[in-house]
Student: 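Got a structure for you, written out below as structure tokens; questions coming shortly.
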Amino acid sequence: HDKKAKKRKHEYEEDEEDEDIKPKKKTKDKKVTEGKKAKKEEEEKWKWWEEERYTDGSKWRFLEHKGPVFAPPYEPLPDKVKFYYDGKPLKLSAPAEEVATFFAKMLDHEYTTKDIFRKNFFKDWRKEMTSEEKSKITDLNKCNFSDMNEYFKAQSEARKQMSKEEKQKIKEENERLLQEYGFCIMDNHKERIGNFRIEPPGLFRGRGDHPKMGMLKRRIRPEDIIINCSKDSKHPKPPPGTKWKEVRYDNKVTWLASWTENIQGSIKYIMLNPSSRIKGEKDWQKYETARRLKKCVDRIRNQYRDDWKSKEMRIRQRAVALYFIDKLALRAGNEKEEGETADTVGCCSLRVEHIKLYPKMDDQEYVVEFDFLGKDSIRYYNKIPVEKRVFKNLQLFLENKQPEDDLFDRLNTSILNKHLQELMDGLTAKVFRTYNASITLQQQLKELTCSDDSIPAKILSYNRANRAVAILCNHQRAPPKTFEKSMQNLQTKIDEKQNQLSAARKQLKAAKADHKASHDDKSKKAVEVKRKAVQRIEEQLMKLQVQATDREENKQIALGTSKLNYLDPRISVAWCKKWDIPIEKIYNKTQREKFAWAIDMAEKDYEF
DNA sequence: CTATCGACTTGTTAATATCGGA
DNA sequence: TCCGATATTAACAAGTCGATAG
């Protein structure tokens, strides 16, 4: 493998040299140019999935890149833009002013009214002040940022009003930056980097009730950055007069650069785009693990049902938790450090206060009501009848506990995953989410697709299948602000189309009558034309109606996350091939790039 | 066994680009 | 051609899970 990689790397360099001599050699013959073009196309269509993978745990042999793009330096405000303290204008030092602008930009946001946000912001802001400023500015409520706020609003308005040429110029500059910094060479191939820009400084906005909201996210400098590349590559150069924190050559990891963020103290990375080999291989592998689970899921289910009867509490808890993870597609639920993050839970970290038991509810028995905040503080609410044994176990787990006690006090994700590992190689809690999502899509597609439906109707079925998964995974969204209006607009269009249709039908009728009377060629043609028109309008109307249904059903559901992360793309590709649906109807450009491997390899008979 | 770290995936939202009709 | 709606992308936060140190 090593040799192969080195050889290819060499080829690539030759290619580059080619580029260099191009201007000099004007008479360069056509064959060479064409050869190059072919090579380039070949590069674009590189099928990494047809190559062997590394088996030694290394992720690459060769890695070369230009390092990250840093946030632009702070530009002080023009003098006319004032900050007022206690009603009087006050000129701030540059560092204090910069932090003040972060707050000023957010004035319209609800965040800035929240106590914790204000407290955290003010504390961190004061750290940036000169001692003079610090002694003057002691109360955030006496700070008036509105002039600054208006200035920024005007700025963004001006940006919108820019001329076409100016906008074009900015676009080109971005493109240049992308071309220069947005790609790397990994082994023998040029690959797209996911996030090559360093996050600019600003105020941290956590999600949900985050104890650290409003804290200052500091500016990242070259001295904070660890570069990862290969020894024999052209190393990225730090900006003039600066140094990297470290340059390392670790091919056991996939990242190109990293830094430690100051809010949680966690590490952030620059990594490759989902279309890259390194991400694609991993993604593919994920679905293969889920498919292996498919083969032994019955055994595992029998096992945990058995374990509900265990003498040992820890085993019963483990078995009930696993049942929830399997049936409800809950996340594993790692413990979190209190006070560091918003209070959210997953399965293993559920507390007594998050469930309610109802021996009888309406016409159902043994109902469990879940109500908790999950990842990103998204509420999970569900009422679900469970088997009697599960219900009895839950009652047992709840005995003598306070609302804030753990439901599964003898269990955590580490214990659970160790157990799962014993049941199947590579099995962890999240595999159940992937498995259940993908199997649901496949089964729903089978159930919902009608062979004689039109293409739009088939796509509606696809979206419905996708929706079933999104509901399972609790991928909700707030209804878009403009939802009602856009629904109305669509309805208006439908009404108009309906009128058009009846008008067209009338015309067709008239044309037919005309033809009956005259029997000439011209009237015959007219009938045909009208018939076509009716047909076209019928089709358009149907399309609109399908669209309306789809949108209505999608009001509170977000399909993106499941499509991107949980559904084996080969299921969708196979479905498209089977029903002759263009893949573009299901996946947009980015998605097609990410799933290129699946589009290439899945046939219409693919089974998850 | 627990706590922490490191690397990676999964998730929402805001910003921006594109589309389609007036 | 302009404008608002919709689709796409960027940004970045928040999870999962394995490794390691104490």
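Labels below follow one simple rule: chain letters A, B, ... track the order of the sequence lines, proteins then strands, and each chain is numbered from 1.
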Student: Can you tell me if the side-chain N/O atoms of A:Ser266 get under 4.0 Å from OP1 or OP2 in B:dC5?
Tutor: no
Student: With a 4.0 Å cut-off on heavy atoms, is A:Lys217 in touch with a base, just the backbone sugar-phosphate, or nothing at all?
Tutor: sugar-phosphate
Student: So what does A:Thr428 hit on the nucleic acid, given a heavy-atom distance under 4.0 Å: a base, only sugar-phosphate, or nothing?
Tutor: sugar-phosphate
Student: Where each residue is assigned the nucleotide of DNA chain B containing its nearest heavy atom, which of A:Thr434 and A:Arg205 is assigned the position nearer the 5′ end?
Tutor: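 That would be A:Thr434.
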Student: Taking any heavy-atom pair under 4.0 Å as a contact, classify A:Ser258: base, sugar-phosphate, or nothing.
Tutor: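 Nothing, no heavy atom under 4.0 Å.
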Student: Contact class for A:Lys212 (heavy atom, under 4.0 Å): base, sugar-phosphate, or nothing?
Tutor: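 The residue A:Lys212 makes no contact with any strand.
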Student: On the six-membered ring of A:Trp48, is A:Arg53 placed so that its NZ or CZ lies under 6.0 angstrom from the centre and within 45° of the ring axis?
Tutor: no
Student: A:Asn417 side chain N/O closer than 4.0 Å to the phosphate oxygens (OP1, OP2) of C:dC17?
Tutor: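 Yes, because at least one side-chain N or O of A:Asn417 sits under 4.0 Å from OP1 or OP2 of C:dC17.
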Student: Please list, in numerical order, the residues of residues 197-204 of chain A that have a heavy atom closer than 4.0 Å to any atom of DNA chain C.
Tutor: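 Going residue by residue through residues 197-204 of chain A, the ones with a heavy atom under 4.0 Å of DNA chain C turn out to be A:Arg197, A:Glu199, A:Pro200, A:Phe204.
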Student: Please state whether the phosphate of C:dG15, meaning OP1 or OP2, lies under 4.0 angstrom from any side-chain nitrogen or oxygen of A:Lys336.
Tutor: yes
Student: Mind telling me whether A:Tyr323 and A:Tyr304 have parallel, tilted or perpendicular rings, with 30° and 60° as the class edges?
Tutor: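 Perpendicular, since the angle between the ring planes exceeds 60°.
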Student: So what does A:Ala558 touch, heavy atoms closer than 4.0 Å: a base, only the sugar-phosphate, or nothing?
Tutor: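 Answer is nothing: A:Ala558 stays at 4.0 Å or more from every strand.
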Student: Is there a donor on the side chain of A:Lys430 or the base of B:dT10 sitting less than 3.5 Å from an acceptor on the other?
Tutor: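 No, the side chain and the base share no sub-3.5 Å donor-acceptor pair.
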Student: Between A:Lys212 and A:Phe204, is NZ or CZ placed under 6.0 angstrom from the six-membered ring centre and within 45° of the ring axis?
Tutor: no
Student: Are A:Thr561 and B:dT12 close enough that a side-chain N or O sits under 4.0 Å from OP1 or OP2?
Tutor: yes
Student: Base, sugar-phosphate, or nothing for A:Lys286, non-hydrogen atoms under 4.0 angstrom?
Tutor: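 Sugar-phosphate, no base atom in range.
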Student: So what does A:Arg331 hit on the nucleic acid, given a heavy-atom distance under 4.0 Å: a base, only sugar-phosphate, or nothing?
Tutor: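 Counting heavy atoms under 4.0 Å across all strands, the contact made by A:Arg331 is with sugar-phosphate only.
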Student: Do A:Asn474 and A:Gln476 have side-chain atoms, one donor and one acceptor, less than 3.5 Å apart?
Tutor: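 Checked: A:Asn474/A:Gln476 side chains pair up, N/O donor to acceptor below 3.5 Å.
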Student: Select base, sugar-phosphate, or nothing to describe what A:Tyr269 touches, counting heavy atoms under 4.0 Å on all strands.
Tutor: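 Since a base atom lies under 4.0 Å of A:Tyr269, the category is base.
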Student: Do you know which of A:Met213, A:Lys217, A:Glu340 makes side-chain contact (heavy atoms from CB on, under 4.5 Å) with A:Ile263?
Tutor: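 It is A:Lys217; the other options fail the test.
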Student: Using atom NE2 of A:His475 as one end and atom C1' of C:dG15 as the other, report the distance to the nearest whole Å.
Tutor: 11 Å
Student: Where each residue is assigned the nucleotide of DNA chain C containing its nearest heavy atom, which of A:Gln591 and A:Gly374 is assigned the position nearer the 5′ end?
Tutor: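 Residue closer to the 5' terminus by nearest nucleotide: A:Gln591.
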Student: How is A:Gly346 classified with respect to the nucleic acid when contacts are heavy atoms under 4.0 Å: base, sugar-phosphate, or nothing?
Tutor: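 Nothing, no heavy atom under 4.0 Å.
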Student: For A:Thr413, answer base if it contacts any base atom (sugar-phosphate contacts may also be present), sugar-phosphate if it contacts only those atoms, and nothing otherwise; contact means non-hydrogen atoms under 4.0 Å.
Tutor: nothing
Student: Can the positive tip of A:Lys114 be found less than 6.0 Å from the middle of the six-membered ring of A:Tyr111, inside 45° of the ring normal?
Tutor: yes
Student: Hey, does A:Gly265 reach any base, or is it just sugar-phosphate, or nothing, if we go heavy atoms under 4.0 Å?
Tutor: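 No contact at all - A:Gly265 keeps every heavy atom at 4.0 Å or more from the nucleic acid.
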Student: State which residues pass side chain to side chain contact (heavy atoms under 4.5 Å, CB included) with A:Asn273; sequence neighbours excluded, sorted by chain then number.
Tutor: A:Arg192, A:Ser275
Student: Reckon A:Asn334 touches a base, only the sugar-phosphate, or nothing at all at heavy-atom distances under 4.0 Å?
Tutor: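 Base: the residue A:Asn334, judged by heavy atoms under 4.0 Å, touches a nucleobase.
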Student: Tell me what A:Arg433 touches on the nucleic acid: a base, only sugar-phosphate, or nothing, going by heavy atoms under 4.0 Å.
Tutor: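 Sugar-phosphate, backbone atoms only, no base.
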Student: Looking at residues at least two apart in the chain, or sitting in another chain, which of them share a salt bridge (Lys or Arg N to Asp or Glu O under 4.0 Å) with A:Lys279?
Tutor: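 Applying salt bridge (Lys or Arg N to Asp or Glu O under 4.0 Å) to A:Lys279 gives none.
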